[in-house]
Amino acid sequence: LRLGDVVPDFEAETTKGRMHFHRWIKGRWVMLFSHPAAFTPVCTTEVGEVAMVHNKFKSKGFKVVALSCDSLQDATKWEKDILAHFSSHIQKIDFPIISDLSRQVA
C-alpha cells in the first residue's frame with residue numbers, strides 16, 4: 001500500500017470493540033500504523049507517542065488505529081503498560097489497537 005491507497009475492507013477485534021473498517025473510518029483519512037510486538041520498548045514508545053499527539057490528528061479530521069499481531073488480551077494488557085510508562089503525559093489511549101493474531105489484516 002502507498003499513501004492515499006484505499007485499504008481493503010476488513011473486520012477485526014480491537015481494544016475498543018469489534019471494528020468493520022470502512023464503516024469505522026466513515027470516509028475520513030486514517031493513520032493505520034503497525035508494530036512488531038507488544039511490551040517491547042520501541043513499540044511501547046511508538047504507541048505512547050502517537051497517543052500524545054492523537055488530538056492533533058483528530059482536530060484535522062483523521063482517525064488513528066494501531067495494528068498488532070498480538071492477541072486481544074495482550075493488546076489490552078499492553079495498553080495499561082503504555083499508560084504506566086507515559087503516565088505524566090497521557091491518561092488514556094483514545095484509539096483502537098487491532099488484534100491481528102492470525103495476520104489476516106497485516
Side-chain angles (χ1 to χ4, degrees):
L1 292 174
R2 296 182 183 266
L3 183 64
D5 284 354
V6 175
V7 172
D9 198 15
F10 61 86
E11 289 186 50
E13 294 299 327
T14 80
T15 54
K16 306 293 185 208
R18 185 128 183 103
M19 172 189 285
H20 186 277
F21 188 67
H22 283 188
R23 281 189 214 149
W24 179 77
I25 64 175
K26 299 177 184 173
R28 293 184 178 176
W29 282 91
V30 175
M31 183 179 79
L32 170 64
F33 69 102
S34 64
H35 56 85
F39 300 102
T40 60
V42 171
C43 297
T44 297
T45 301
E46 177 185 40
V47 175
E49 292 287 335
V50 171
M52 287 173 50
V53 297
H54 182 238
N55 282 336
K56 291 180 182 179
F57 282 102
K58 281 174 43 175
S59 73
K60 303 290 183 192
F62 278 75
K63 288 195 144 192
V64 175
V65 60
L67 176 62
S68 170
C69 290
D70 298 293
S71 70
L72 184 58
Q73 182 180 9
D74 282 347
T76 302
K77 288 179 187 175
W78 185 42
E79 274 189 324
K80 292 177 181 138
D81 186 62
I82 296 165
L83 291 172
H85 281 79
F86 284 84
S87 62
S88 62
H89 302 288
I90 56 174
Q91 281 69 50
K92 64 181 177 175
I93 296 172
D94 201 23
F95 54 84
I97 299 174
I98 297 168
S99 172
D100 187 27
L101 194 57
S102 67
R103 292 173 168 75
Q104 292 297 311
V105 176

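This chain uses plain numbering: 1 for the first residue, then up along the sequence.
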Legend entry - Linked, directly or transitively: Val30 and Val7 (ILVMFWY side chains, under 4.5 Å): yes
Inset, instruction - May I ask whether Leu32 and Val50 are part of the same hydrophobic cluster, defined by side-chain heavy atoms of I, L, V, M, F, W, Y residues being less than 4.5 angstrom apart, directly or through others? - result: no
Inset, instruction - Give, for atom OG1 of Thr40 and atom NE2 of His35, the distance between the pair rounded to the nearest 0.5 Å. - result: 8.0 Å
Legend entry - Check: Thr15 side chain, Ile97 main-chain N or O, donor-acceptor pair, under 3.5 Å: yes
Legend entry - Pairwise distance CD1(Ile93) to OG1(Thr76) - rounded to 0.5 angstrom: 10.0 Å
Legend entry - Reported CG-to-CG distance for the pair Asp81 and Asp74, which is rounded to 0.5 angstrom: 11.0 Å
Legend entry - Whether Ser99 side chain and Leu72 backbone form a donor-acceptor pair below 3.5 Å: yes
Inset, instruction - Let me see the working for His85 and Trp78 under ring-ring contact (aromatic ring centres under 6.0 Å, His included), right down to the final yes or no. - result: CA-CA 11 Å; His85 281 79; Trp78 185 42; over 10 Å; no
Legend entry - Separation between NZ of Lys77 and CD1 of Ile82, rounded to the nearest 0.5 Å: 14.5 Å
Inset, instruction - Tell me whether Val105 is reachable from Leu101 by hopping between hydrophobic residues (I, L, V, M, F, W, Y) whose side-chain heavy atoms are closer than 4.5 Å. - result: no
Inset, instruction - May I ask whether Phe95 and Val53 are part of the same hydrophobic cluster, defined by side-chain heavy atoms of I, L, V, M, F, W, Y residues being less than 4.5 angstrom apart, directly or through others? - result: yes
Legend entry - Test applied, side chain to side chain contact (heavy atoms under 4.5 Å, CB included); reference residue, Glu11; option that passes from Arg23, His20, Met19, Gln104: His20
Inset, instruction - Look at atom CZ of Arg103 and say whether more than 12 heavy atoms of other residues, nucleotides or ligands are closer to it than 6.0 Å. - result: no
Inset, instruction - Report whether Phe33 and Phe39 are members of the same hydrophobic cluster (ILVMFWY, side-chain heavy atoms less than 4.5 Å apart, transitive linking). - result: yes
Result block: side-chain N/O donor-acceptor pairs under 3.5 angstrom for residues 54-68, not counting sequence neighbours:
from: Lys58; atom 1: NZ; to: Asp94; atom 2: OD2; distance (Å): 3.1
from: Ser59; atom 1: OG; to: Lys56; atom 2: O; distance (Å): 2.8
from: Lys63; atom 1: NZ; to: Trp24; atom 2: O; distance (Å): 2.6
from: Ser68; atom 1: OG; to: Asp70; atom 2: N; distance (Å): 3.0
from: Ser68; atom 1: OG; to: Asp70; atom 2: OD2; distance (Å): 2.9

Inset, instruction - Using the test ring pair (Phe, Tyr, Trp, His ring centres under 6.0 Å), find all partners of Phe21 that sit at least two apart in sequence or belong to another chain. - result: Phe10
Inset, instruction - State the CG-OG distance between Asp100 and Ser71, to the nearest 0.5 angstrom. - result: 12.0 Å
